[in-house]
Novice: 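Please read through the structure below; I'll follow up with questions.
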Amino acid sequence: MNVAVTLNGADNVGKSTNAQWLASATPGITLTGTIDRWDPQWAKVSRDDFSRWWFVDSTTDEHVDLVFRSFAARCQGGGRLALEDRGYPMLVATCAATAAVKDGTPIGEALAEVEARALRYLPVDRRELHILLRHDPDPSAEARQALARDRAPASDQYAAYQRQLAEAIGLQIHRGDYHRLIVRGDRPLLDVQREVREAVACFGVPVTLLAPDRVDRLWVLAGMSESGKSTVGELLRTEHAVTRLKIGYLLRLAADRAGVTDPYQGWDELTEARMLSEEILRFAALNPGSHRISVESAHRFEATRHVRQIWGDRCEIIYLDAPPAVRLARGKESPDSLASRDATKQNRGAERIAAIADSVVDNTGSLLVLKRAVAELVHRTSGDRHPPQRETPVPASLRPFLAAYAAELVDDETALVAVTGSLAYGNWQPGWSDVDVLVVRDTLPVRWLANRSLPPAGPDGAKIALSAFTTNEARTGRLPPRLLYALRQIAHDGRGVLYRRPGLVLHVLDRTADECAARGDLPLVVMTLRRLAARPDTDVRALYKHVVLAMKIMLRADGIDLDASDEVRRAFAGRHPSARVDLPSVTDVSHADWRSDNELTERIRSAASDLLAYDETLGHTRDHGRTTEANDGHRT
């Protein structure tokens with residue numbers, strides 16, 4: 001028995017695009033195309049004014065007969081497994097909508113009349129799967145979107161046809177003419193294609209399913225030769241924990257998988273974009289940490305534009321721009337060689353990518369300027385625009401003090417004032433904990449800070465630690481790791497906020513990049529911990545807090561985000577039992593006499609010593625792993 005998979009829907013819903021992509025994943029399937037390929041009469045009627053023939057000159061019977069005679073020919077010539085653009089129910093709907101516009105027949109009657117005439121063309125001994133792609137479940141919205149996505153302005157006649165077609169499809173859905181409905185809406189092509197393949201697989205047709213989608217963000221780097229694409233790719237990798245991949249490498253993998261010798265010669269640009277996207281999905285699925293990916297170097301215009309259609313809003317095209325003189329000075333090649341490479345890229349549409357790019361980066365300045373521009377690109381969409389506001393559990397004894405303190409910091413340029421650490425998480429201990437305050441302001445002149453009437457200590461002598469940063473520093477992630485974490489938590493639930501400027505969007509690192517920054521800070525924490533532990537006049541509080549901080553960083557590398565000291569202590573003991581770090585609880589260390597408690601001091605110093613020894617063993621393990629890899633490579 002022959003089998004046919006048909007993709008149906010109103011105009012501009014993506015039938016042909018999805019059919020072409022599906023065909024590449026379905027072995028042995030024949031992409032039969034639209035019915036006008038299957039009868040020479042179509043060339044005659046479309047020679048002059050095809051629209052006039054369709055809506056005026058032809059009778060409904062003539063129109064239906066040509067459509068379904070062509071349909072029957074396609075059924076005969078499609079082979080054992082066919083993939084059709086518009087199947088039987090969709091062709092009935094198009095003919096009925098045409099009759100409704102041309103003859104004024106109510107759409108329900110038009111459907112019945114078309115079906116009565118088309119029945120004789122139905123194939124026998126054929127199994128069919130009809131997939132319907134929809135712009136919108138509402139027929140009026142369906143028609144509007146079909147017209148809105150058309151590049152040419154619609155005539156009144158064509159607009160009326162789209163409205164009738166949407167009504168006809170609605171009636172067919174109600175009576176069950178389609179086996180699977182997929183609403184496109186504003187969803188990216190990738191999501192729609194995934195559903196199409198799943199529907200085909202459920203029908204029993206062998207099809208390669210798309211790999212699980214674990215990609216959160218995709219940056220596509222474009223630009224002319226020596227414009228800085230590789231530099232930006234490396235900055236994304238080293239400073240923002242983004243996985244860096246090369247388009248050429250991924251396409252070669254895809255070509256080997258498909259048995260294609262040269263992907264650039266064997267595939268058109270749209271196919272390149274689809275195969276590239278499939279390889280990105282596979283890579284991310286096999287490498288769980290690679291949920292943010294950059295690919296370079298994009299220099300084919302249509303392929304790059306189609307990548308954006310495939311991935312939607314989570315794909316960002318970055319175009320690096322620099323004049324030839326600057327690019328020539330950065331490279332080691334001759335002017336003729338650079339001009340030749342530029343000419344090749346221009347022929348492929350590389351310069352035109354700037355017109356569709358989400359960001360065009362002027363890369364004529366210093367590396368520092370470029371680093372800041374990259375940080376801005378990474379973090380500008382990371383903030384939560386509508387975070388739930390969680391009440392800050394500030395002790396009653398501190399509330400008047402903090403209200404006055406925050407008021408002294410708030411003016412027209414202040415963006416944020418917040419408490420962090422134990423105050424934000426409800427585990428602040430009087431006589432032991434510090435009052436940690438963060439202020440973010442558009443500018444931070446030293447004179448402005450010096451002129452604030454800020455008390456040197458809090459109630460009962462509590463130590464105050466004020467951290468001040470500019471909005472640009474906060475936006476680009478130039479904060480110490482502990483404050484990057486605090487800012488991410490504030491963006492998530494508003495915990496700790498004392499003042500927030502109306503409309504403020506916090507641009508923060510995601511969890512992976514945040515954790516990477518914290519790991520980068522671990523050597524400094526370890527160095528400070530050794531220094532504190534070795535001092536004869538031990539600063540008990542500072543030593544305790546650095547032990548907890550080192551534990552936090554190690555736990556965050558395991559994917560565990562905690563802030564409260566006791567939670568960190570318990571989680572670390574459970575996660576790293578071999579460390580045998582016996583750190584006292586906050587209750588144990590925060591009693592009234594903790595400053596003169598020699599037994600407590602020695603216990604904390606011992607805990608610091610055990611943690612440092614454990615970190616050293618972890619370092620040996622890492623070094624041994626690297627040495628083994630190096631030796632294996634040498635033997636190879």
Novice: Looking at Val215, is its backbone amide N or carbonyl O close enough to the side chain of Asp213 to form a donor-acceptor pair, meaning the two atoms are under 3.5 Å apart?
Specialist: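 Such a contact is found between Asp213 side chain and Val215 backbone.
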
Novice: Would Arg127 count as a cation-pi partner of Phe203, with NZ or CZ less than 6.0 Å from the six-membered ring centre and within 45° of the ring normal?
Specialist: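 Judged by the rule (NZ or CZ under 6.0 Å from the ring centre, within 45° of its axis), Arg127 counts as positioned above Phe203.
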
Novice: Using the six-membered ring wherever Trp is involved, compare the ring planes of Tyr264 and His299 and label them parallel, tilted or perpendicular (cut-offs 30° and 60°).
Specialist: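 Rings of Tyr264 and His299: parallel, as their planes differ by under 30°.
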
Novice: Under a plain distance cut-off of 3.5 Å, with no hydrogens placed, do Asp61 and Thr59 share a side-chain donor-acceptor pair?
Specialist: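 Checked: Thr59/Asp61 side chains show no N/O donor-acceptor pair below 3.5 Å.
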
Novice: Decide whether Glu296 and Ser230 meet the rule of one side-chain donor and one side-chain acceptor closer than 3.5 Å.
Specialist: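 A donor-acceptor contact under 3.5 Å links the two side chains.
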
Novice: Would you say Asp336 and Ser334 are linked by a side-chain donor-acceptor pair, where the criterion is simply a distance under 3.5 Å?
Specialist: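 Absent: no donor and acceptor within the cut-off.
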
Novice: With a 4.0 Å cut-off, would you call Arg86 and Asp11 a salt bridge?
Specialist: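 Judged by the 4.0 Å cut-off on N to carboxylate O distance, Arg86 and Asp11 do form a salt bridge.
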
Novice: Could Arg187 and Glu195 be called an ion pair, given the rule that one side-chain N must be under 4.0 Å from one carboxylate O?
Specialist: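 Judged by the 4.0 Å cut-off on N to carboxylate O distance, Arg187 and Glu195 do form a salt bridge.
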
Novice: Classify the side-chain pair Ser51/Asp49 by whether it contains a donor and acceptor separated by less than 3.5 Å.
Specialist: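 Checked: Ser51/Asp49 side chains show no N/O donor-acceptor pair below 3.5 Å.
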
Novice: Is any side-chain N of the basic residue among Asp136 and Arg134 closer than 4.0 Å to the acidic one's carboxylate O?
Specialist: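 No salt bridge links Asp136 with Arg134.
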
Novice: Testing the 3.5 Å rule here: is there a donor-acceptor pair between the side chains of Trp21 and Glu278?
Specialist: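 Present: a donor and an acceptor within the cut-off.
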
Novice: Does CD in Gln76 sit with more than 12 non-hydrogen atoms of other residues, nucleotides or ligands closer than 6.0 Å?
Specialist: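 At most 12 heavy atoms, drawn from other residues, nucleotides or ligands, come within 6.0 Å of this atom.
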
Novice: Taking all atoms of both residues into account, what is the closest heavy-atom pair of Trp54 and Lys102, and its distance?
Specialist: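 Closest pair (atom of Trp54, atom of Lys102, distance): O-NZ, 3.2 Å.
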
Novice: Tell me, yes or no, whether the heavy-atom count around Asp262 atom CG, taken from other residues, nucleotides or ligands under 6.0 Å, exceeds 12.
Specialist: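 Above 12, so yes.
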
Novice: Does a side-chain N-to-carboxylate-O contact under 4.0 Å join Glu269 and Arg305?
Specialist: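 Between Arg305 and Glu269 there is no salt bridge, as every charged N stays at least 4.0 Å from the carboxylate O atoms.
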
Novice: Say whether Trp311 and Ser277, considering side chains only, have a donor N or O and an acceptor N or O under 3.5 Å apart.
Specialist: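 Yes, side-chain donor-acceptor contact under 3.5 Å.
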
Novice: Determine whether the side chains of Ser58 and Glu62 contain a donor N or O and an acceptor N or O closer than 3.5 Å.
Specialist: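 Side chains of Ser58 and Glu62: no pair found under 3.5 Å.
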
Novice: May I ask you to check whether His135 and Arg149 show a side-chain donor-acceptor distance below 3.5 Å?
Specialist: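 Arg149 and His135 do have a side-chain donor-acceptor pair below 3.5 Å.
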
Novice: Would one find more than 12 heavy atoms of other residues, nucleotides or ligands at under 6.0 Å from atom CZ of Arg257?
Specialist: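 Result for CZ/Arg257: enclosed.
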
Novice: I'd like to know if Arg126 pairs up with Glu84 as an ion pair, taking the criterion as any Lys NZ or Arg NE/NH1/NH2 lying under 4.0 Å from an Asp or Glu carboxylate oxygen.
Specialist: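 Answer for the salt bridge query: yes.
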
Novice: Under 4.5 Å between any side-chain heavy atoms of Gln346 and Met224, yes or no?
Specialist: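 Heavy-atom side-chain distance check passes, below 4.5 Å.
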
Novice: Will you find, in the side chains of Glu128 and His130, an N or O donor that is under 3.5 Å from an N or O acceptor?
Specialist: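 Judged by distance alone, the side chains do pair up.
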
Novice: Phe71 vs Phe68 aromatic rings, parallel, tilted or perpendicular, using cut-offs 30° and 60°?
Specialist: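 Rings of Phe71 and Phe68: perpendicular, as their planes differ by over 60°.
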
Novice: Going by atom types only, do Tyr161 and Gln157 share a side-chain donor-acceptor pair under 3.5 Å?
Specialist: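 No.
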
Novice: So Ser24 and Thr271, do their side chains get closer than 4.5 Å, heavy atoms only?
Specialist: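 SC-SC contact between Thr271 and Ser24 ruled out.
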
Novice: Quick one about Ser225 and Lys345 (side-chain donor to acceptor, distance below 3.5 Å, no hydrogens or angles considered), yes or no?
Specialist: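 Yes, because at least one side-chain N or O of Lys345 sits under 3.5 Å from a partner of the opposite role on Ser225.
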
